[in-house]
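Quick note: numbers below take in every heavy atom, side chains included, and nothing from hydrogens, waters or symmetry partners. Only a predicted model underlies this, so the values are computations on that prediction, with no experimental measurement involved.
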Amino acid sequence: MSRLEAKKPSLCKTEPLTSERVRSTLSVLKGIIASCYGPSGRLKQLHNGLGGCVCTTSQSSALLRNLSVTHPILKVLTSSVQNHVCCFSDCGLFTAILCCNLIENIQRIGLTPTTAIKLNKYLLGLSISYLKSEACSCRIPVDFRSTHTFLNLVHSILTSKPACMLTRKEIDHIGALILKAFLLTIPESAEERMVLGKSIIVPLKGQQVTDSTVLPGLLIEASEVQLRRLLPTQKSSTLRVALFCASLSGDFSNAGEGTLVVHYQVSLENAVLEQLLNLGRQLVSDHVDLVLCQKVIHPSLKQFLSEHQIIAIDRVGVTLMEPLSKVTGATPIGSLYPIVSTTYGSVKDVRSARFGSKYFFHLLPNEATICSLLLCSRNDTAWEELKLTCQTAMHVLQLTIKEPWVLLGGGCVETHLAAYIRHKVHNEAEAIVRDDGCSQAELHIATEAFCSALESAAVSLEHDGGEILIDMKYGHFWSCPADSASVGNWPDTLSRCGCGLYNSQEELSWSVLRSTYHPFAPQTCLPQAASGSVSNLTVDSFTAKLSGLQVAVETANLILDLSYVIEDKN
């Protein structure tokens, strides 16, 4: 077919970061993301002008998924952050803010991209080495004999999501449920390679948050009539289960393409129904007690199974197939051919359950690590945000098994790390320059840009015009309310640092963050009793935060290294 229009040449732009339009767009994106950061972050409402759902959120996963960006540089940045969130669930906003800050700072100081990238890589390596070292005073080990650190981690995640609209009582309740659900997914017998189970979130909107609960096994929604018809009696022994991923409706949706040849006087409907009934007879002879089908079961087959005291549940959906396979131990059956007995599974019991106005089949497993988190909320918007938050918290708890550490939150790790890097570079500048082949001036400029980017990420936590301080002993983040800032009278004005570990009554001195002060060595090696003495610490996921730091710097380096952007306009 001939072209109706001549092909347009590709649009080639050199040095994209020198464009004022690109810089202003990057600044706007940073402003949107930074204003969402932290417990007092501002909510964003995203919707399509042509209609559709309205999303109200402050979470990076929902924000970036619904935010439309067109410039290639912004697409690189948002894609990197989204990939990080897909892998680690948390610290997406921190990653995006730090990346934007670093790009802006490097552009402002005027270093060549090659030099800036090389020094950024060195400073990133220095940061990660310190955060992973025993000397780091922002890293707290997770004690698996206690729930203290786990609850602090979950509470920190819940309080940082204002769109969930939770009270303190509700945060405590949901936090305890998330931890209980996490513990239910851990197998009792640890083998060489431990495989965690899964927690399924079941929606129940219009109820109070405190009505939420966790149950072992799976909940499958059903009508009251269905429950009464299918569960007339209770069986005392273990129930044998057949799990079908194929349709048992008798239709020809899976026949494929092509012509279907049917012999004269042959009824397709009767032939398929006879095949379904033969399948039912095999299920009866194999002493199956429960049939679960992802799709639809033909009414005649349902009636046949019911007459033989077999419970048949259809339309369970593709989402529950993997959890059902784990709960029952059954292999999903994808055809109507004779079934091999090894594909069957079992459950301890099937019961009826009612929560609010909804009815459920409750499948109780023998020993499976599957549980159901029945999540309640007052409205759709808060429920969607709470669901995302619970999924994040569950994933973050799972990450602590591989790396059993948490980092102090509330901006303290950023300011502490910036103080450590400044002091390290100030004392060892000659050795660093000798190894990396740059001048001391370039090193100090790049270090200031890197540390300032970290501090700006911490400053993004303050949204009400308060004064941000750093103490000269620990290097922690302190926020002073705007209406009570009084230079020289900090002990009476401040209460606790951002993470909550230290209070203002200790012998501390403060400086306004990002003001000029002599580099100092923040105290390292956190005292063992310090973290245990505070009931409510704000902490972050160690694994997610380190990945976020690495992704932010590497993405900034990638964008700084771009010389051309070539766009195909066809």
Has the side chain of Thr343 got a donor or acceptor atom that lies under 3.5 Å from a matching backbone atom of Val340? yes

Side-chain donor or acceptor of Ser306 paired with backbone N/O of Gln303 under 3.5 Å: no

Under 3.5 Å, is there a donor-acceptor pair between the side chain of Ser80 and the main chain of Thr555? no

So how far is it from Leu363 CG to Thr328 OG1, rounded to the nearest 0.5 Å? 8.0 Å

Given 3.5 Å as the limit, does a donor-acceptor pair link the side chain of Glu403 with the main chain of Thr400, or not? no

Between Arg139 and Lys132 (side chain of the first, backbone of the second, donor and acceptor by atom type, cut-off under 3.5 Å), is there such a pair? yes

Nearest 0.5 Å, what's the NZ-SG distance between Lys387 and Cys390? 10.5 Å

Arg315 atom CZ, over 12 foreign heavy atoms within 6.0 Å: no

Keeping the roles fixed (side chain from His298, backbone from Val272), state whether a donor-acceptor pair exists under 3.5 Å. no

For a quick test of reading the model, state the closest non-hydrogen atom pair linking His395 to Cys87 and the distance between them. CE1-O, 2.9 Å

Taking all atoms of both residues into account, what is the closest heavy-atom pair of Ala458 and Gly411, and its distance? CB-O, 3.8 Å

Which atoms form the tightest heavy-atom contact between Trp383 and Leu204, and what is the distance? NE1-N, 4.0 Å

Arg65: partners by salt bridge (Lys or Arg N to Asp or Glu O under 4.0 Å), with sequence neighbours left out: none

Compute both the distance and the angle, then confirm whether Lys545 meets the cation-pi test with Phe94: under 6.0 Å from the six-membered ring centre, within 45 degrees of the axis. yes

To the nearest 0.5 angstrom, please state how far the CD atom of Gln226 sits from the CD atom of Glu221. 10.0 Å

Considering all heavy atoms, the nearest Ser247-Leu336 contact: O-CD2, 4.3 Å

Output the distance between atom NE2 (His173) and atom CG (Leu166), rounded to the nearest 0.5 Å. 10.5 Å

Just by modelled atom types, is the His155 backbone N or O under 3.5 Å from a matching donor or acceptor in the Thr159 side chain? yes

Could you tell me whether Glu170 and Arg378 have a side-chain N and a carboxylate O separated by less than 4.0 Å? yes

Heavy atoms, side chains only, cut-off 4.5 Å: are Gln550 and Ser127 in contact? no

Taking all non-hydrogen atoms of both residues into account, name the closest pair between Leu276 and Leu248 and its distance. CD1-O, 3.7 Å

Going by heavy atoms in the side chains, are Asn66 and Thr57 under 4.5 Å from each other? no

Do the side chains of Asn379 and Lys205 get nearer than 4.5 Å, heavy atoms only? no

Close side-chain approach of Thr389 and Ile174, heavy atoms under 4.5 Å: no

Check: Gly280 main-chain N/O paired with His308 side-chain donor or acceptor under 3.5 Å: no

About how many Å separate CD1 of Ile370 and NZ of Lys198, when rounded to the nearest 0.5 Å? 7.5 Å

Does Arg354 pair with Glu224 as a salt bridge, N-O distance under 4.0 Å? no

Between Ser377 and Gln207, do the side chains contain an N or O donor and an N or O acceptor separated by less than 3.5 Å? no

Under 3.5 Å, is there a donor-acceptor pair between the side chain of Ser212 and the main chain of Cys376? yes

Qualifying residue, where the test is side-chain contact (heavy atoms from CB on, under 4.5 Å) with Asp90 and the options are Thr95, Ile157, Leu153: Ile157

Side chain proximity check, Val241 to Leu292, heavy atoms < 4.5 angstrom: yes

Flag side-chain contact, heavy atom, 4.5 Å: Thr342 against Thr331: no

For Ser35 and Lys44: C-alpha separation, side-chain torsions, deciding distance, then whether side-chain hydrogen bond (donor to acceptor under 3.5 Å, both in side chains) applies. CA-CA 9 Å; Ser35 63; Lys44 300 294 174 287; 2.8 Å; yes

Do the non-hydrogen side-chain atoms of Phe477 and Glu414 ever get within less than 4.5 Å of each other? no

Is the shortest side-chain heavy-atom distance between Ser199 and Met394 below 4.5 Å? yes

What distance do Arg42 atom CZ and Cys36 atom SG have between them, rounded to the nearest 0.5 Å? 10.5 Å

Do any N or O atoms from the side chain of Ser372 and from the backbone of Leu374 form a donor-acceptor pair under 3.5 angstrom? no

Can you confirm whether the side chains of Thr543 and Ser541 place a donor and an acceptor under 3.5 Å from each other? no

Side-chain donor-acceptor contact under 3.5 Å, Thr538 with Asn152: no

Does a donor on one side chain sit under 3.5 Å from an acceptor on the other, for Ser89 and Thr392? no

Looking only at non-hydrogen atoms, find the nearest pair between Ala544 and His84 and report the distance. O-CE1, 3.2 Å

